[in-house]
Amino acid sequence: MKFDFSTYMNSFLDRDIYNDLLKRKEEVFNTLTNYEMTGWLKNSISHEEVLEIKNIAQEINEKADLFLVLGIGGSYLGSKALVSMFSKYFEKNSKTEVIYGGINMSSSYLDELMSYIEDKDIYVNVISKSGTTMEISVAFDLIYKKLLEKYDEEEVKKRIIVTTDKEQGKLRKLVEMKGYRSFVIPQNIGGRFSICTPAGLLPAAVFGINIDMFLEGYNNSKLKYFDKAYDYACIRNTLYQKGYQVENFCVYEERLTYLNEWLKQLFGESEGKDNKGLLPTSCVYTRDLHSLGQFMQSGSPIVFETVIRIEEGKIINYQNSDINKMNMIISDSVAAAHYKEHTPSNIITLEKLDSKTIGEVMYFFMLSVSFSGILLGVNPFNQEGVEEYKKEVKKNLNYDN
Ligand code: PA5
């Protein structure tokens, strides 16, 4: 990863605020390590668990043409980001297709999902740390009935894999009662920080992503990018204190669309509390330059951008250049144009898109948002707002799970 936090940023950064924040590094790190929910800071998965994930992934690849993952929020977006970014645009992907359910209450989605699985050989991975999330429970109940129509009870038992808390929640009880195979999301890791647990790694492995390389990148990132992660957190908070209210994550590669979604959850849920926080939004450029680009150039002066681009692409010669080089030049030109008005940019360049680099990227942002939340004066690891809406919905639906 390469970082340019100056070319399109410098003149917008209040040096006094920024330098004061920079000085707080040690205090911020100490605060971070005192939080309970930081199991993800160091390698959060054992060698044995990785082996088990690989074995089950192999079994699924041999036996199933469909792997249905039921999860939402942090139990969904990490692996969805990985699966999407390593998916082919047009061709069929891995032998075992990985699809998602439990991500909405859309009757047409559920209806089509149930029809789609009808004639497929399927394994199901239910992922819920609490075991009580409504969308997941509803989807699981419906899918379970479908499975019983397709397979006998013994076979259904083999085809359901549960990823949940070690001891608590209804899913853990179900595992104990029915004897399903299961994985654990450690108690000290929250959903949006769970990419390096079986919640993220099993779907990734089934899809064929090299999880060893991903883990190597993830584990390297702390030492390699600690200072940069802190620097980025200071820049965000300096801009926030100067009145910026929105951080727009921009990618120049369509297959990173769900990385944007993952980032929005990570930043929005970690910082949007106590009446504070930058609102994370996202764009896929160059597509959105022809729509939201207008706002970024000349709308309210409340937005800064964090650009993620990939240096190494396919070589497609075009006139005297090649398409990927053109994409890089475009990203610089756009940042320069936005900078001329009032929209500064951080530029993050990935040398290439592979599992090791993405392990680094994900850890980098998880560390940054933790520093950033502490600088902002919030607890980056709770999500009482999400819990609040869940209670209200269950009450109004009279839904007891
Ligand atoms: O990051 C979070 O904590 C949330 O997005 C949760 O992951 C989400 O609400 C799903 O919760 P659970 O895994 O308990 O079903």
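Both ligands and their constituent atoms are indexed starting at 1 by order of listing.
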Check each of Lys224, Lys222, Lys228, Lys352 against Glu360 using the salt bridge (charged side-chain N to carboxylate O under 4.0 Å, His left out) test, and report the only one that passes.
-> Lys224

When Phe364 is tested against each of Phe226, Phe3, Tyr230 for ring-ring contact (aromatic ring centres under 6.0 Å, His included), which residue passes?
-> Phe3

Aromatic ring proximity, centroids under 6.0 angstrom, Phe67 and Tyr123 = no

Identify the closest protein heavy atom to atom 4 (C) of ligand 1: which residue and atom is it, and at what distance?
-> Glu269 OE2, 3.5 Å

Output the list of atoms in ligand 1 that are nearer than 4.0 Å to some heavy atom of Ile72, sorted by atom number.
-> 7 (O), 8 (C), 10 (C)

Please could you name the atoms of ligand 1 that Ser130 approaches to less than 4.0 Å, counting only its heavy atoms?
-> 12 (P), 14 (O), 15 (O)

Given Ile348, which of Thr306, Asp4, Val361 fulfils the side-chain contact (heavy atoms from CB on, under 4.5 Å) condition?
-> Thr306

Considering only the protein, which heavy-atom contact is closest to atom 5 (O) of ligand 1, and what is its distance?
-> Gln265 NE2, 2.7 Å

Is a salt bridge present between Arg236 and Glu247, judged by a nitrogen-to-oxygen distance below 4.0 Å?
-> yes

Element-labelled atoms of ligand 1 that are located less than 4.0 Å from some non-hydrogen atom of Gln383 | 3 (O)

Interfacing atoms of ligand 1 (cut-off 4.0 Å, heavy-atom, Ile136) | 15 (O)

Quick one: which ligand 1 atoms are inside 4.0 Å of a heavy atom on Gly191?
-> 1 (O), 2 (C), 3 (O), 7 (O)

Tell me, which protein residue and heavy-atom name are nearest atom 7 (O) of ligand 1, and how many Å apart are they?
-> Gly74 N, 2.9 Å

Of all the non-hydrogen atoms in the protein, which one sits nearest to atom 11 (O) of ligand 1, and at what distance?
-> Thr133 OG1, 3.4 Å

Heavy-atom distance under 4.5 Å between the side chains of Glu52 and Arg181, does that happen here?
-> no

Look at atom 9 (O) of ligand 1 and say which protein heavy atom is nearest, naming residue and atom and giving the distance to 0.1 Å.
-> Lys390 NZ, 3.0 Å

Do any nitrogen or oxygen atoms of Gly131 come within less than 3.5 Å of a nitrogen or oxygen of ligand 1?
-> no

The atoms of ligand 1 lying under 4.0 Å from a heavy atom of Ser75, numbered in the order shown, are 7 (O), 13 (O)

Between Phe207 and Phe86, is the ring centre distance below 6.0 Å?
-> no

Salt-bridged, Glu311 to Lys2, with N to O below 4.0 Å?
-> yes

